[in-house]
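Every chain is numbered from 1 and lettered A, B, ... according to where its sequence line falls, protein lines coming before strand lines. None of these values were measured; they are calculated from a predicted model.
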Number of protein chains: 2
Amino acid sequence: MTGAERRGDVAGVGGVLVALADPTRRRLVDLLAAEGEVTATALAERLPVSRQAIVKHLAVLDAAGLVSGRRVGREVRYALRPAALDATARWVVSLAARWDRRLATVKRVAELARPDEG
Amino acid sequence: MTGAERRGDVAGVGGVLVALADPTRRRLVDLLAAEGEVTATALAERLPVSRQAIVKHLAVLDAAGLVSGRRVGREVRYALRPAALDATARWVVSLAARWDRRLATVKRVAELARPDEG
DNA sequence: ATTGGGTGCAACCAGATAGTTGCACAAAGC
DNA sequence: GCTTTGTGCAACTATCTGGTTGCACCCAAT
């Protein structure tokens with residue numbers, strides 16, 4: 001079970017945005033996308049920060065539902081979970097669509113307000 | 001000219017993610033989407049924060065390319081700019097697609113690694 | 001000309017965040 | 001058994017951030 005699931009907001013878009021707002025966390029998810037299942041210690045070797053920093057970042061990603069870790073012997077392997085990102089992608093796209101619709105309306109209204117130019 | 005354009009990174013996805021990570025800023029863009037062109041003072045009347053806080057948030061949104069303001073007499077009216085959000089929507093969608101592709105590959109590889117189950 | 005609403009700037013504050021180090025503990029390997 | 005290797009927990013620090021207040025300035029309207 002992931003942190004987000006434990007808190008019952010797998011689809012929490014805000015958390016995903018916060019998680020992806022940090023460049024180190026974006027690099028982290030890139031690495032996870034490239035390598036599949038990776039341990040925090042292994043990730044720390046590829047980034048210029050300590051293992052503890054990585055662990056904290058993974059906790060944020062986990063809370064956002066973007067990542068989850070499973071224990072294998074003495075190590076914990078982290079992997080991506082696409083659901084929360086999918087939900088966020090839908091959210092951003094629909095927001096962009098609303099903006100476009102809104103701006104189209106504004107433009108139309110502006111044209112109506114200047115009948116001599118129409 | 002907007003802040004983001006001044007700095008030459010209209011497509012800066014990181015800035016957009018940072019901007020949208022804050023709930024007050026999300027409410028702000030919602031209000032702007034609903035009302036078109038609004039002044040910072042007017043926005044401050046609808047949110048439980050001071051005008052100065054709104055101005056700072058608008059500066060962040062402007063730097064991300066999500067918003068721009070134009071001066072009309074003694075007031076400054078802010079409005080949405082869809083370009084940066086469109087770019088970010090494309091980024092998130094393509095990231096989600098890459099994740100899905102990646103996880104499909106991992107699954108396929110896992111199945112190949114267990115030939116007795118195939 | 002003076003008054004008033006809107007903006008811009010600066011200082012300041014509290015809490016969050018990204019990072020560190022140090023150490024204790026658990027699981028593998030010799 | 002002992003040693004190694006990876007994890008987990010805690011304390012601590014510095015910087016960032018979201019918020020405030022106070023004040024000066026500009027523009028418009030009476």
Side-chain angles (χ1 to χ4, degrees), chain A residues 1-4 6-7 12 14-32 35-64 66-79, chain B residues 1-4 6-7 12 14-32 35-64 66-79:
Chain A
M1 193 186 284
T2 78
R6 239 184 315 274
R7 293 180 11 254
V16 173
L17 291 172
V18 169
L20 292 182
D22 183 81
T24 300
R25 281 191 293 264
R26 284 198 297 276
R27 293 212 54 199
L28 230 28
V29 299
D30 280 349
L31 285 173
L32 286 170
E35 315 207 3
E37 242 188 353
V38 197
T39 186
T41 305
L43 288 167
E45 286 165 6
R46 324 222 162 184
L47 291 185
V49 297
S50 72
R51 175 186 62 95
Q52 288 304 327
I54 301 281
V55 170
K56 286 191 191 177
H57 283 308
L58 286 171
V60 173
L61 291 167
D62 177 41
L66 293 171
V67 135
S68 78
R70 75 177 230 272
R71 178 133 224 158
V72 177
R74 71 178 157 187
E75 61 189 25
V76 179
R77 302 189 189 151
Y78 291 87
Chain B
M1 191 187 282
T2 78
R6 239 185 315 273
R7 293 178 14 253
V16 173
L17 292 172
V18 169
L20 293 182
D22 183 81
T24 301
R25 282 193 290 267
R26 285 198 296 275
R27 293 211 53 199
L28 229 29
V29 299
D30 279 348
L31 285 173
L32 286 170
E35 316 207 2
E37 241 187 353
V38 197
T39 186
T41 304
L43 288 167
E45 287 165 6
R46 324 222 163 183
L47 291 185
V49 296
S50 71
R51 175 185 61 94
Q52 288 303 328
I54 301 282
V55 169
K56 284 192 193 177
H57 283 308
L58 287 171
V60 174
L61 291 168
D62 177 39
L66 293 171
V67 136
S68 79
R70 75 177 229 272
R71 179 133 224 157
V72 177
R74 70 180 157 190
E75 61 187 23
V76 179
R77 302 190 188 148
Y78 292 87

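What separates NZ of K56(B) from P of dC12(C) is a distance of 13 Å, to the nearest Å. In this structure, CZ of R27(B) is placed 16 Å from C1' of dG18(D), rounded to the nearest angstrom. The CZ-C1' distance, from R25(B) to dC16(D), rounds to 12 Å in whole Å. Atom OH of Y78(B) and atom C1' of dG8(C) are 10 Å apart (whole Å). For the pair I54(A) CD1 and dG8(D) C1', the computed distance is 16 Å after rounding to whole Å. Distance CG (L43(B)) to C1' (dG18(D)): 17 Å, rounded to an integer number of Å. Rounded to a whole Å, the CG atom of L28(A) is 14 Å from the C1' atom of dG19(C). Counting to the nearest Å, the C1' atom of dG8(C) and the CG atom of L58(B) are 13 Å from each other.
Of the side-chain N and O atoms in T41(B), none sit less than 4.0 angstrom from OP1 or OP2 of dG6(C). The phosphate of dG19(C) (OP1 or OP2) has a side-chain N or O of T24(A) nearer than 4.0 angstrom. Within the 4.0 Å cut-off from OP1 or OP2 of dA29(D), not a single side-chain nitrogen or oxygen of R74(B) is found. OP1 and OP2 of dA27(C) both lie 4.0 Å or more from every side-chain N or O belonging to R71(A). In this model, the phosphate group of dT20(D) is approached by a side-chain N or O of S50(B) to a distance below 4.0 Å at OP1 or OP2.
In this structure, R74(B) CZ and T39(B) OG1 are separated by 10.5 Å, a value rounded to the nearest 0.5 Å.
Within the 4.5 Å cutoff, no side-chain heavy atoms of R25(A) are placed close to those of V29(A). For the pair D22(A) and V60(A), the minimum side-chain heavy-atom distance is 4.5 Å or more. Counting heavy atoms from C-beta outward, R70(A) and E37(A) have side chains that approach closer than 4.5 Å. Inter-residue side-chain proximity for L31(B) and V38(B) is flagged as unmet; no heavy-atom pair is nearer than 4.5 Å.
If D22(A) and V72(A) are placed on DNA chain C by their nearest nucleotide, the residue sitting closer to the 5' end is D22(A). Residue whose closest nucleotide on DNA chain C sits further toward the 5' end, between V18(A) and T39(B): T39(B). Judged by closest nucleotide on DNA chain D, E75(A) is the one of E75(A) and Q52(A) placed further toward the 5' end.
Using a 4.0 Å heavy-atom cutoff across all strands shown, R77(B) reaches no nucleic acid atom at all.
Checked against dC27(D), dG8(C), dG19(C), the side chain of V49(A) finds its nearest nucleotide in dG19(C). The listed nucleotides are dG6(D), dG19(D), dA11(D); the one nearest the side chain of A53(B) is dG19(D).
Counting atom types as modelled, R51(A) pairs a side-chain N or O with a base atom of dG8(D) as donor and acceptor under 3.5 Å.
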